[in-house]
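The block underneath contains the structure these notes are about, expressed in structure tokens.
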Amino acid sequence: MLTKKFLTDLTYTLLGASIEVHKELGPGLLESVYEKCYKKELMLRGINFQSQLYVPICYKGVELDTELRLDLLVENVMVVELKAMDAIAPIHQAQLLTYMRLLEKPKGLIINFNCTNVFKEGQKTMVNDLYALLPEF
């Protein structure tokens with residue numbers, strides 16, 4: 001059963017993995033480099049994920065092939081978007097919330113590796129209405 005505690009623990013694990021990658025590589029690389037290293041770190045930690053997952057778009061009852069892809073779906077419950085930008089912009093937050101809604105996932109995480117401190121300025125955690133429906137433990 002999915003709980004808020006499980007998602008909180010998973011979030012801390014994912015942030016720990018991002019801190020490890022950032023500690024090893026630092027800022028200034030391409031997003032694709034961080035993605036490969038982050039996926040390796042998740043594998044080392046035994047975390048299940050799917051990468052570059054296609055997000056289905058259903059428009060007026062018809063599923064459309066839009067080529068829309070998210071970076072990672074972790075443990076089939078959390079959407080993770082990786083960035084290597086100057087800052088996390090409102091459009092990145094909107095993108096994450098949309099992926100969460102389309103996939104019916106309660107929590108998401110944006111990780112931006114192009115910063116000084118991933119934990120303080122390089123991450124944004126978001127929840128939606130589905131999160132409120134989950135039990136605490």
Side-chain angles (χ1 to χ4, degrees):
M1 173 195 267
L2 183 59
T3 65
K4 290 178 182 175
K5 181 177 181 348
F6 176 80
L7 288 174
T8 298
D9 292 347
L10 181 59
T11 301
Y12 283 118
T13 300
L14 296 175
L15 288 173
S18 67
I19 290 167
E20 182 65 23
V21 170
H22 192 263
K23 185 172 71 172
E24 288 289 319
L25 300 177
L29 298 172
L30 296 172
E31 181 181 314
S32 60
V33 174
Y34 292 114
E35 183 175 348
K36 286 181 182 183
C37 294
Y38 190 70
K39 290 190 305 189
K40 179 64 175 176
E41 189 64 32
L42 295 182
M43 286 189 291
L44 291 171
R45 292 170 185 239
I47 298 171
N48 295 316
F49 64 89
Q50 295 171 282
S51 65
Q52 296 302 315
L53 186 68
Y54 284 98
V55 179
I57 299 291
C58 188
Y59 183 74
K60 295 190 175 186
V62 177
E63 189 168 314
L64 303 174
D65 182 13
T66 60
E67 302 284 327
L68 185 62
R69 292 184 299 172
L70 61 85
D71 290 334
L72 298 164
L73 180 61
V74 179
E75 298 289 348
N76 201 35
V77 295
M78 188 178 301
V79 177
V80 177
E81 278 297 303
L82 304 176
K83 304 293 180 197
M85 312 285 291
D86 288 335
I88 297 171
I91 190 68
H92 301 135
Q93 295 177 47
Q95 176 189 32
L96 179 62
L97 287 170
T98 298
Y99 288 166
M100 291 163 55
R101 179 177 48 81
L102 292 171
L103 293 170
E104 299 179 351
K105 304 303 177 191
K107 194 168 187 180
L109 179 63
I110 302 171
I111 301 169
N112 182 21
F113 288 100
N114 193 33
C115 62
T116 305
N117 185 317
V118 171
F119 187 74
K120 289 184 179 178
E121 62 193 79
Q123 61 92 18
K124 177 72 176 171
T125 304
M126 303 187 83
V127 297
N128 58 22
D129 293 341
L130 295 173
Y131 183 80
L133 302 174
L134 296 174
E136 292 293 328
F137 291 92

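- When each of Leu15, Asp9, Thr8, Thr13 is checked for a side-chain contact (heavy atoms from CB on, under 4.5 Å) with Thr11, only Leu15 meets the rule.
- For Lys4 and Tyr131, the positive end sits near the middle of the six-membered ring, less than 6.0 Å away and at most 45° from its axis.
- Using a 4.5 Å cut-off on side-chain heavy atoms (C-beta onward), Ser18 and Phe113 make contact.
- Side-chain contact check for Glu136 versus Thr3: every heavy-atom pair is 4.5 Å or farther apart.
- Proximity of a side-chain donor or acceptor of Asn128 to a complementary backbone N or O of Lys105 within less than 3.5 Å is detected.
- By the rule that hydrophobic residues join a cluster once side-chain heavy atoms approach within less than 4.5 Å of another member, Val55 and Val74 end up as members of separate clusters.
- The shortest side-chain heavy-atom distance between Gln52 and Glu35 falls under the 4.5 Å cut-off.
- With hydrogens and angles ignored, the 3.5 Å screen pairs no side-chain donor or acceptor of Tyr54 with any backbone N or O of Glu67.
- When the shell of 6.0 Å around CG of Leu44 is examined, it contains more than 12 heavy atoms from other residues, nucleotides or ligands.
- One hydrophobic cluster, built from ILVMFWY side chains closer than 4.5 Å, cannot hold both Met85 and Ile111; they sit in different ones.
- With hydrogens and angles ignored, the 3.5 Å screen pairs no side-chain donor or acceptor of Asn48 with any backbone N or O of Glu75.
- Put simply, the side chain of Lys107 does not reach to within 4.5 Å of the side chain of Met126, judged on heavy atoms.
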Test side-chain contact (heavy atoms from CB on, under 4.5 Å) on Lys124 and His92 and set out the steps. CA-CA 10 Å; Lys124 177 72 176 171; His92 301 135; over 6 Å; no
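- Using a 4.5 Å cut-off between side-chain heavy atoms of Ile, Leu, Val, Met, Phe, Trp and Tyr, with links allowed through other members, Leu29 and Val21 fall into the same hydrophobic cluster.
- Taking the side chain as every heavy atom from C-beta outward, Tyr38 and Leu72 approach each other to under 4.5 Å.
- Under the 4.5 Å side-chain contact rule for hydrophobic residues, Leu73 and Tyr34 do not share a cluster.
- Nearest heavy atom pair, residue Asn114 against residue Gly28, reads OD1-N, 3.3 Å.
- Side-chain contact check for Met78 versus Leu7: some heavy-atom pair is nearer than 4.5 Å.
- The nearest pair of heavy atoms linking Ala84 to Leu30 is CB-C, 4.3 Å.
- A salt bridge does not link Glu41 to Lys39: none of the charged nitrogens lies less than 4.0 Å from a carboxylate oxygen.
- Residue Cys115 comes nearest to Gly122 through the heavy atom pair SG-CA, 3.7 Å, listed as atom of the first residue, atom of the second, then distance.
- Taking CG of Leu68 as the start and CG of Leu102 as the end, the distance is 7.0 Å to the nearest 0.5 Å.
- Hydrophobic clustering (side-chain heavy atoms under 4.5 Å, transitive across Ile, Leu, Val, Met, Phe, Trp, Tyr) keeps Tyr99 apart from Val80.
- Scanning both residues, Met43 and Phe49, for their nearest heavy atoms gives CG-CE2, 3.8 Å.
- Atom-to-atom distance recorded for Glu81:CD and Ile110:CD1 is 7.5 Å, nearest 0.5 angstrom.
- Counting heavy atoms from C-beta outward, Leu14 and Leu42 have side chains that approach closer than 4.5 Å.
- Considering all non-hydrogen atoms of both residues, Gly108 and Leu96 come closest at C-CD2, 3.6 Å.
- Contact detail for Val127 and Leu97: the closest heavy-atom pair is O-CD2, 4.1 Å.
- Taking CD of Gln95 as the start and CG of Asp71 as the end, the distance is 7.5 Å to the nearest 0.5 Å.
- To the nearest 0.5 Å, atoms NE2 (His22) and CZ (Phe119) are separated by 14.0 Å.
- Leu103 places a side-chain heavy atom less than 4.5 Å from the side chain of Leu70.
- Between Leu109 atom CG and Thr125 atom OG1 the span is 4.5 Å, to the nearest 0.5 Å.
- Atom-to-atom distance recorded for Glu20:CD and Leu25:CG is 9.5 Å, nearest 0.5 angstrom.
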